[in-house]
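Note sheet for the following structure.
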Amino acid sequence: MASHLLRQALIFTLAMSACAGSPAEELLPLPPIEGLTAAPDLDPAEDVVEVHLTASTTSVSWADGPTTEAWAYNGEVPGPLVQARVGDTLVVQFTNDLPEPTTIHWHGLRVPDAMDGVPAIQDPVQPGETFRYEFVLPDAGTFWYHPHVRAHEQVERGLQGMLVVHEREPLQDVVQRGFVLDDALIDESGSWYTFDVDNSHPLQMMGRNGNTLLVNGGSDAVQATLTPGVAERWRLVNTANARTLWAEVRGANWRVIGVDGGRIATPYTTERVRLPVGRRFDLEVIPTGRDEEVALDVVLPNRSGGWDRYPMFEASLDWTAPGTGQSLDWPTVDTSGRPEVRQEIVLDFDGRGGGANIEWTINGRIWGQHDALEVEADTPTRIVLRDGSRTQHPFHLHGQFFEIVGRDGQAVDEPGQFDTVLLTGDDEVELFSMMDNPGRWMAHCHILEHAERGMMTEVVVGPSTE
Ligand code: C2O
Ligand code: CU
């Protein structure tokens, strides 16, 4: 716990010195995230954000389609945007009005483990009951929240939302947009396709790939008007149960400025970004004005080796006040060198059994029969992930960030801090983490059906030796 307190103290010191001379009450309001509606902050204190979230059933319909029963936070799919500033305390008063128990997990946030929303630590919230989550937000970035009980059903039915932790003083007058990208499996009657975890359905084995792409809960592309030459910040998250999504921007100069763990030191351009389940990307997007439209497409590989394109966002251009095409003036991010590795853990991903009886394992065990892996806190750690299952697995570690340093023995350049990385079936991925958040943490495949069928384990980050 000591390092928690230290880190929080450090954050506050940094925050205070950043605005030295300007009294705290001059903080400007948080910028909106276009495309998402923020939950109101019910606490007047400047450094506390309190929101109320209630999970319940609701009905939704897509593009003239029939009505489907969804499970929603505050009646919305996705749930409301939760936003605050780095260093703030976030309080979430949660009420469960679902017919079954649930929790909320804050994906990517380095919270204390008691607030992490996992049933191994927090008793699930029973129907009709409440729970108060409260923690300090240690990192700025794009995150998300979702249940950690029967997640393969609860997330699929709509329980998911974006959580943005803004920088202490976010750039003003910069349009920010949020894109919660999901793929839902809907049958002809408009209902979610549901099945029990022990069901032999192949979707249950391979993970549920949907037939309807959703952006911010809708099946139609979001529409807007953009200004040529004026930079915007877009925040993307893949909340699908199983499907890896790729995304491309058309009609703009764009680059990656942030990943799971926040802004990166060296923004980079790329043809498309790959989002395994759970991954986030922050993009800087500057409409060139050469095309009539700016668009965000999800692109999916097709059988003929090409890409199928699905527009999620389409904007026309307003030329009344064109900008200069300048990039945003981001303050630099610290990239202190990586210390020498002092401990290692290995996670082998595989399956056993077959057909309807397959169990997905980590280190040969399913959840419940697993041996937790123990490491010292605050110790430079190599994490080796090996996938011998011939199936993709998006790996997610709770409570810590890691760097992706190698794939199949080769060094890679994937800048930034992550909590999610894709294994592709017969590969080895090398990660580096400081393991600086002590506690008991889940480590699992984020294909939620695989997690439900066993592909979860625990990493116990022990007390610091320093
Ligand atoms: Cu996004 Cu353990 O989860
Ligand atoms: Cu998996």
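Just so you know, ligand 1 is whichever comes first in the structure, and atom 1 is the first atom listed for that ligand. These figures come from a predicted structure and were not determined experimentally. Residue indices begin at 1 and follow the sequence shown.
- Aromatic ring centroids of W367 and H444 lie 6.0 Å or more apart.
- At least one N, O or S atom of H398 sits under 2.8 Å from atom 2 (Cu) of ligand 1.
- Among the backbone and side-chain atoms of H148, none of the N, O or S atoms lies under 2.8 Å from atom 1 (Cu) of ligand 1.
- The Cu ion (ligand 2) does not have H446 among its coordinating residues (no N/O/S atom, backbone or side chain, under 2.8 Å).
- At least one N/O/S atom of H444, from backbone or side chain, sits under 2.8 Å from atom 2 (Cu) of ligand 1.
- Closest N/O/S atom of H446 to atom 1 (Cu) of ligand 1: NE2.
- The atom name of the N/O/S atom in H393 closest to the Cu ion (ligand 2) is ND1.
- For H450, the N/O/S atom at the shortest distance from the Cu ion (ligand 2) is named ND1.
- Atom 1 (Cu) of ligand 1 is the vertex of the angle joining ND1 of H107 and NE2 of H146, which measures 120° to the nearest 10°.
- N96 and T102 form no side-chain donor-acceptor contact under 3.5 Å, judged by distance and modelled atom types alone.
- In this model, no donor atom of one side chain and acceptor atom of the other lie less than 3.5 Å apart for W246 and E248.
- Residues H107 and H146 come closest through the heavy atom pair ND1-NE2, 3.7 Å.
- A cation-pi contact, defined as under 6.0 Å to the ring centre and within 45° of the axis, links R338 to F432.
- For the 3.5 Å distance criterion, the side chains of T142 and R235 qualify, holding a donor opposite an acceptor.
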